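From a predicted model like this one, the values you see are computed outputs, not experimental measurements. In each ligand, atom 1 is the first atom listed, and ligand 1 is the first ligand listed.
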Amino acid sequence: MKYSYVSHLYCPKCQSTYDHTEQNQLCTCGSPLLVAYDMDGLKAFWQRESLLDRENTLWRYHELLPVASADNVVTLGEGMTPLLPISNTGKRLGISNLYVKDEGLIPTGSFKARGATVGVSKAKEVGVKELAMPTNGNAGAAWSLYSSRAGITSHIVMPVDAPKITRNECAISGANLSLVDGLISDAGKIVGKMVKEKGIFDASTLKEPYRIEGKKTMGIEIAEQLGWNVPDVILYPTGGGVGIIGIYKALKELQELGWISPDKFPRLVAVQSDGCAPIVKAWKEGRKDSEFWQNSETIAFGINVPKALGDFLVLEALYESDGCGIEITDAELLHEQELLANEEGLFVCPEGAATVAAAKKLRESGWIKENETVVCLNTGAGIKYPDTVQINVPILQPIE
Ligand SMILES: *Cc1c(COP(=O)(O)O)cnc(C)c1O
Ligand SMILES: [Zn+2]
């Protein structure tokens, strides 16, 4: 048995192929690259049953991950987060099988750890010593911490408004952190200049091909946790879109392996804030890619991405799965964040709350049916965003 059945990289736009043992960024045509596996080899040698005695991290799926040697794996024990039934909330919404996949329990407090463990491990494998990336906070936090563990130097640029805790996570890891008075797209331009001038590896979202592979494990886990039955609907808070592209890719691969039925595929939903909804707008207009969203603003910082490099892949996943795009307001998601804590004891991040607010709307419109199995992705811990909760508590005097 091989540790990984990674075969090569390919371009979904122009079909060029690349060698995964080298350092790769975008295709020469400008498209992100995707990872291909030796599916025939996998089908012949890899059975679902092999997972039974494996460690409870996402590396349990190492055959379908791109790191060729176990020696290069940089892990903090990430993955296999709980898939929690939320029946109280389900009753209120009129959805009988409603779940939250809770990524708040993962190292660094957001699912960005999935992309980082696989991305940093592969970077180490191909000899990267120094990397740079723009971030809205969580990705920078995860990549700088995993880079430290791998002995890789990291340069992180984030907006001044990004959640303070993510700034601290970068700083304490020893990353070279800079703040920019602007959006993630402005941070991206600074990183672009930096990598060009200094020849540093560009770890920007989708400019390196491997974080998708880490994030796709959310899709594999959902299938495994439901006994290899896929849900009817998966709702995902969509920024750069890597998570939803990954989940789509994973489920396709599982179908190819015969691990899940070829007859049922979940309808994938891209959830965005009405303050930054380029993917939703493109989906409504039936377009294949999105336009830059001017003056984007939302409290759900992780999904404040005005133009995603992989927009065409997100939209393909929506169209191909009969899914949809939906936007909700910050007020709606904050309200849902509070109700989830009230009803379920779950303190989810604003982005995660957005998916439940979206499920509510889609149930009301009839797009989601009462008896369907619905999975909402909570992409991070609510405790990373203490300022989203406004409280007014009386202070008592001690009793003498
Ligand atoms: C980055 C992020 C998202 C968006 O993820 P993509 O895969 O880039 O679409 C959602 N929620 C949180 C908490 C994030 O940090
Ligand atoms: Zn190409």
Atom pairs and distances, donor-acceptor, side-chain atoms in residues 139-147, under 3.5 Å, two or more places apart:
{"from": "Ser144", "atom 1": "OG", "to": "Gly140", "atom 2": "O", "distance (Å)": "2.7"}
{"from": "Ser144", "atom 1": "OG", "to": "Ala141", "atom 2": "O", "distance (Å)": "3.2"}
{"from": "Ser144", "atom 1": "OG", "to": "Ser173", "atom 2": "OG", "distance (Å)": "3.4"}
{"from": "Tyr146", "atom 1": "OH", "to": "Glu78", "atom 2": "OE1", "distance (Å)": "2.6"}
{"from": "Ser147", "atom 1": "OG", "to": "Trp143", "atom 2": "O", "distance (Å)": "2.7"}

Ligand-residue contact atoms, ligand 1 with [X], heavy atoms, under 4.0 Å:
X: Asn138; result: 13 (C), 14 (C), 15 (O)
X: Tyr385; result: 13 (C)
X: Gly243; result: 7 (O)
X: Thr238; result: 9 (O)

Exercise. For Tyr385, which of Glu351, Lys164, Gln337 qualifies under side chain to side chain donor-acceptor pair (under 3.5 Å)?
Worked result: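 That would be Glu351.
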
Problem set entry | Minimum-distance protein heavy atom relative to atom 2 (C) of ligand 1 |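 Among all protein heavy atoms, the one nearest atom 2 (C) of ligand 1 is Lys112 NZ, 2.4 Å.
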
Exercise. Nearest protein heavy-atom contact for atom 8 (O) of ligand 1: which residue, which atom, what distance?
Worked result: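 In this structure, atom 8 (O) of ligand 1 has Gly240 N, 3.1 Å as its nearest protein heavy atom.
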
Exercise. Would you call the rings of Trp46 and Trp259 parallel, tilted or perpendicular if under 30° counts as parallel and over 60° as perpendicular?
Worked result: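 Aromatic pair Trp46/Trp259 classed tilted.
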
Exercise. Under the side chain to side chain contact (heavy atoms under 4.5 Å, CB included) test, which residues partner Asn295, sequence neighbours left out?
Worked result: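 Once residues adjacent in sequence are excluded, Asn295 has no partner under the side chain to side chain contact (heavy atoms under 4.5 Å, CB included) criterion.
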
Problem set entry | Thr57: side chain to side chain contact (heavy atoms under 4.5 Å, CB included) partners, not counting sequence neighbours |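 With neighbours one apart ignored, the set is Glu55, Trp59.
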
Using 4.0 Å as the upper bound for N to carboxylate O, is an ion pair formed by [Y] and [X]?
X: Glu336; Y: Arg92; answer: yes
X: Lys288; Y: Asp311; answer: no
X: Lys249; Y: Glu253; answer: yes

Exercise. Which heavy atom of Pro350 sits nearest a heavy atom of Thr388, and at what distance?
Worked result: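 Heavy-atom minimum between the residues: CG-CG2, 3.7 Å.
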
Ligand 1 to [X] polar contact by distance, N or O atoms, under 3.5 Å:
X: Ile303; result: no
X: Ile244; result: no
X: Phe111; result: no
X: Thr379; result: yes

Exercise. Where the closest heavy atom to atom 6 (P) of ligand 1 is concerned, which of Gly241, Ala141, Ser110, Gly104 has it?
Worked result: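 It is Gly241 that holds the nearest heavy atom.
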
For this session: Find the distance between OH (Tyr236) and CD1 (Ile234) and round it off to the nearest 0.5 Å.
Result: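 Here the interatomic distance stands at 11.5 Å.
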
Exercise. Is the shortest distance from a heavy atom of Glu103 to ligand 1 less than 4.0 Å?
Worked result: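 Flag not set, Glu103 not near ligand 1.
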
Exercise. What part of Tyr236, side chain, backbone, both or neither, has a heavy atom within less than 4.0 angstrom of ligand 1?
Worked result: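 The side chain, only.
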
Exercise. Where does Val242 meet ligand 1, judged by heavy-atom distances below 4.0 Å: at the side chain, the backbone, both, or neither?
Worked result: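 For Val242, backbone and side-chain atoms both sit under 4.0 Å from ligand 1.
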
Between the side chain of [X] and the main-chain N/O of [Y], is any donor-acceptor distance below 3.5 Å?
X: Lys207; Y: Pro32; result: no
X: Thr238; Y: Gln272; result: no
X: Arg267; Y: Trp367; result: yes

For this session: At a cut-off of 2.8 Å, list the protein N/O/S atoms near the Zn ion (ligand 2), residue plus atom name.
Result: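 As for protein N, O or S atoms lying under 2.8 Å from the Zn ion (ligand 2), they are Cys11 SG, Cys14 SG, Cys27 SG, Cys29 SG.
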
